[in-house]
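Below is one structure, written out as structure tokens; the observations come after it.
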Amino acid sequence: MASPTCSADTLAAMFGANTTNATGAAAFICDQFNTVSTKFSDTTYAVDTTYLLFSAYLVFSMQLGFAMLCAGSVRAKNTMNIMLTNVLDAAAGGLFYYLFGFAFAFGTPSNGFIGKHNFALKSIPSSVFDYSYFLYQWAFAIAAAGITSGSIAERTQFVAYLIYSAFLTGFVYPVVSHWFWSVDGWASATNLDNLFLGSGVIDFAGSGVVHMVGGIAGLYGALIEGPRIGRFDHSGRAIALRGHSASLVVLGTFLLWFGWYGFNPGSFTKILSPYESGHYYGQWSAVGRTAVTTTLAGCTAALTTLFGKRILSGHWNVTDVCNGLLGGFAAITAGCSVVDPWAAVICGFVAACVLTGCNKLAEKVKYDDPLEAAQLHGGCGAWGIIFTALFAKEKYVNEVYPGKPGRPYGLFMGGGGKLLAAHVIQILVIFGFVSATMGPLFLILNKLKLLRISAEDETAGMDMTRHGGFAYVYHDDDDQKLGIPMRKIEPSSSN
Amino acid sequence: MASPTCSADTLAAMFGANTTNATGAAAFICDQFNTVSTKFSDTTYAVDTTYLLFSAYLVFSMQLGFAMLCAGSVRAKNTMNIMLTNVLDAAAGGLFYYLFGFAFAFGTPSNGFIGKHNFALKSIPSSVFDYSYFLYQWAFAIAAAGITSGSIAERTQFVAYLIYSAFLTGFVYPVVSHWFWSVDGWASATNLDNLFLGSGVIDFAGSGVVHMVGGIAGLYGALIEGPRIGRFDHSGRAIALRGHSASLVVLGTFLLWFGWYGFNPGSFTKILSPYESGHYYGQWSAVGRTAVTTTLAGCTAALTTLFGKRILSGHWNVTDVCNGLLGGFAAITAGCSVVDPWAAVICGFVAACVLTGCNKLAEKVKYDDPLEAAQLHGGCGAWGIIFTALFAKEKYVNEVYPGKPGRPYGLFMGGGGKLLAAHVIQILVIFGFVSATMGPLFLILNKLKLLRISAEDETAGMDMTRHGGFAYVYHDDDDQKLGIPMRKIEPSSSN
Amino acid sequence: MATTTCSAAELTPLLGFAANATAAADYICNRFTAADDQFTNTTFAINNTYLLFSAYLVFAMQLGFAMLCAGSVRAKNTMNIMLTNVLDAAAGGISYYIFGFAFAFGGPSNGFIGKHNFGLKSIPSEVYDYSFFLYQWAFAIAAAGITSGSIAERTQFVAYLIYSSFLTGFVYPIVSHWVWSSDGWASASKTSGSLLFGSGAIDFAGSGVVHMVGGIAGLWGALIEGPRLGRFDRSGRSVALRGHSSSLVVLGTFLLWFGWYGFNPGSFITISKSYNTSDAFYGQWSAVGRTAVTTTLAGCTAGLTTLFSKRLLVGHWNVTDVCNGLLGGLAAITSGCAVVEPWAAIVCGFVAAWVLIGFNKLAEKLKYDDPLEAAQLHGGCGAWGLLFTGLFAKKQYVHEVYATGRPYGLLMGGGGKLFAAQIIQILVIIGWVSATMGPLFYVLKKLKLLRVSKEDEMAGMDMTRHGGFAYVYHDEDGSSHPPPGFMMRRIEPSATSPTPNNGSTTNVV
């Protein structure tokens, strides 16, 4: 942006000879202006960092949301197991992403495939990256692993979990994010010198990079493990294995919603960037618009699911509504910053339909995914990528991805098919890469008998067999001794 | 920081006598500059206050985290009791800290021992303190009392709770925070005129001031009360009295983690302070770095605990991992702003070992602490203070505590032993002061028979006897009438 | 804020001495203009950051409501009440986007209803940015959330959908137009025409606009539906129907408290604004901090007051009552939070706790059943909050937050004008909500769309309407064969369809 920097020589010449001390006066004035200019620079750093850090904290709270959503969606006997995986996603992810994940993803300068600098935060902060940026990206990385854990819940050995989680957070996800988000990535929309198809892929906050990656990894895990015991009966009919607590599901969903306000609007990473100097419309408006499109897509998807399920199944089902809502969010994530609010409504509506369709399909092919993660994040994520290529608005694309006027934009907005082509390739490439990495990994784990727990353990529940006890103890052990069947938590005064 | 102040006289002199209206021109230009300067001042206040307020809100959310963590860690029959204590920490703390706590802690000018101004927020806002600063400090104060409530859970009379909580929040904690954080405190690192041992104590966000104070108070409470009934059997073997809900424990832990991002990075209280004008590296980077060190310490501690416990007990235990995580956070709190990220990894690793060791010791000496609060906050807090004295980096110390170049820094970083000496004294002084105040208080309460509830009440649970009923009513009383023992909820199997 | 406007025409003659005065003046002024533009940008960025994060906090209150409501109802209706909370947010999002925001803030308009910006048309503008819409949406859904508590456990889901969209899409936006929009007839920030009593009603963050509206809507709903089965026994004695989980109640309360920091201090909308006082450190940022402090103190005082008075009245240290008291204090301070001193907030909280206790006694006497005490809490304490503002608003703060020369609190020597305006606001809100929501609930009742059948109510709505209970603490197959030592020790939630047994109830207290 224009800044009030000042050249003393120029000004001195203008003052001319009949000023007593032209040079001095000019230097004095220019000093002042330069001070002003540096202070603006300081202020900008402070404002942007404040914005980015609090966004990162919000994204982090999504990990809490995932933990509660997963916990509520599994049966009580596996609650400890799934929550432990969520805590470890964050913890192990923190170390791996610090040591090499961030370097693979954003280390620059590098080739288009993988980054190779900044291991263990070496030479950070720099003029390009600050610590806050690392923190923000870490919070994203752990979200991807959280998605996958839902797909393979209730039947996976804990060791297998540790291995795939490290591999996903430390390698697969960083590489994909390098391709689409790093300035060097081969398909990145910010790789201005060498835009893929003259356009680059617009995956603003990661429908593909985060959600599809997590979802497809989950798909392979769940496919290779096979369904949970009792999920399909002898005649092949699907039997719902309901989660143990709808309260936790709603809690988790709302926390994810809350965190998504860091995920999508936060992906700007800066808020103090005017689009036009001194005007009320700037990046802050775009940030607000992103929050609005996010909200509307989720809301529409939830309502669509509500009425759709009412018609299909006859119930007003809260967990389905929660999943629909999240499907809407996963879909809008790619395009949230470059579409109009009305388009977000369309995005949410279709996302709900995509999710319902994928779920029907999954049932038909006897695919069991306790949290519908592959359908939700994989399916709706893919739709979101397509959606962006259809509805991206010219004005917004140029504002959000500056420095290269005349970019292709959404097909339905008159921007031609180039963006769509790039996005279709994105979907295929992500699908291919995750299949080529996570598929073999799960297969090997399966061969080594490290993937699935034994049938006895599964029936008894992993909490008892692996994690030292059940998650809930609603009444005292003493009471049981009496041999009286207690109906509620009414501890009789024992001894 | 340098600001563009402008003197019209100086400038007029430079323009010189033979100019048409030198004074007018100079006044005009300087007016402009002074306006700019005022606006910078306004902007800085706005940015810093925004940063501080949102940090305060995050710290407040830790109270929610404590409530959930405590609730999940006690048995169902005492849930209402412990949650009530957490709500009251915040509520009573708010009043006491407003009336006198803040004055004791930060009222200035004062002596090195206790503050004596600003009772009931008198003459606030001032150029030193604004309302937001009070709010932030209040959120800290209630955290200390929250820690203690965990140690004495499940067996303490509610009245005793009210008394000690008021005393701790209103007097003990404020005095300690005055010593180490106020500009007048005898051991404060910001007491530039009179630095203790030429160094002052670097307890940036309160491993000692908050965590050790809370933990040691809890230690005395729990020691004087003795263990819960049934915690150690006749032969003296320890019996785990498990909490009733692991979901609440995980929820609480994640909320504490979330809130810790306000606790540690927020302790800068300002973000718009450049270290070097116009450079990308400034306090905003230090804030980000603090968030990163905090994250890494917690993550490492969690992983260490996971594998450590797997080896020691054979389980992958989620509640232990949660405690380990929190131990890592409590430890890094003192040094978070002055150490490198790699040092935070070491801090977390040792913190996990310290916690495991303290727990072993507690079991051996038959000390019963339902939330391991004394071990976790006391033990890891003390380690954190030592850690800071070992690993504090020269550059960071001078940036974070400016105005006095050549401060001592970490022993292992080549900074000599002065800081370590100061920190050892801090540990001893905190231990002594809390022992001398909280110990007698609990003893007197015990003598007055106000401390521990009766054995009957303890067996029946305090919720029933003191709080009007149990926390959970999972089914209707109606059902009981049927006399049929209902075993489960059978969801109509879908089609 | 003063702007650094520099005009080259003004500066050129002053620089008459210079060799090239025009160029020099241009040069200098260009730089000042650039600085000024940057200040504008910076201010927008800061204010939007502030407003957006406040909006996120307010949104977190919806989560708080969901958890509070879930914990306060019986287990068999948990899914139902949580679904209504999710839908408040979702349906509210769509309807507020399409027309709610336009009704509330679409200006220029008349004093009664807004008529621009439907579907966010011509937004962002100089006046409103997207973030303002998001913030107001988060407020709108809070109002509907309040009402859902009053009519919990006995309302048909369809009725819920209808009243919720009517409330969020029409009733609430209109009230907020009156009191908050720059065109509203009772607004204290009215920019054209004369102010109500030369003062306008000061309802800073919505004790009236949000809380009373939600509470009174709930009052009519609960009155028309009547109490839950078993709430009052045959002899008319009240029987407490306790919620199923205090943990969720406490979780919800803390989340609401957390979100309230977005609700009250966030209502300033901007933070980077100087008050142009002699003290450079004092500006809107201080007022924002003060608002957070008054909010905290009012809630804390109300919580403590409730604790001790309930101990005296009932003999228990009751956590759910304390939570409700706390929320009552917060609802009361919402109106005056920005214009009162911290010590006044303590008065506010103290009285709010007694108002709530009083209304609860009254409700019991009148056999009014409100599962979450929403009408008493948000309606009663909200009304007290409006009166409180009329009594305790401080001159200096009113002038800083609104405009100089305004009437202020009666007890602070500011005369009765503000107080009168506040009373009018209370009456008008009661009247308007009664005139709109009352008939709506009545019509729904006539159409038999309001209340569920007795059987459904006994069995619980989760089973009959929402496909199953919220909690399944053990497996169908899990009971199969765990080794005896591994018996799960936990509550056994009970059965499928309990046959209604003559509505007899047990004493749970």
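As the structure is a computational prediction, the values presented were derived from the model and not from experiment.
For the salt bridge (charged side-chain N to carboxylate O under 4.0 Å, His left out) condition, the pairs that include at least one residue of residues 312-321 of chain A, sequence neighbours left out, are A:K309-A:D320. Within the structure, the salt bridge (charged side-chain N to carboxylate O under 4.0 Å, His left out) test picks out no pair touching residues 56-73 of chain C (sequence neighbours left out).
In terms of non-hydrogen atom pairs under 4.5 Å with chain A, the most contact-rich of C:A89, C:S245, C:G71 is C:A89. The greatest number of non-hydrogen atom pairs below 4.5 Å with chain C, out of A:L306, A:N317, A:V321, is found for A:L306.
Looking at A:T43, the atoms closer than 4.5 Å to chain C (heavy atoms on both sides) all sit in the side chain, from C-beta outward. Contacts between A:V249 and chain C at a heavy-atom distance below 4.5 Å are absent for every atom of the residue. Contacts between A:V250 and chain C at a heavy-atom distance below 4.5 Å involve backbone atoms as well as side-chain atoms. For a residue to count as touching a neighbouring chain, one of its non-hydrogen atoms must lie under 4.5 Å from one of that chain's; by this rule A:L248 does not touch chain C. Heavy atoms of A:I29 lying under 4.5 Å from chain C belong exclusively to its side chain. The parts of A:S55 that come within reach of chain C are both its backbone and its side chain, each placing non-hydrogen atoms under 4.5 angstrom from that chain. Both the backbone and the side chain of A:Y51 come within contact range of chain C, each with at least one heavy atom under 4.5 Å from a heavy atom of that chain.
Aromatic rings of C:Y96 and C:W137 (six-membered ring for Trp) have centroids beyond the 6.0 Å cut-off, not under it.
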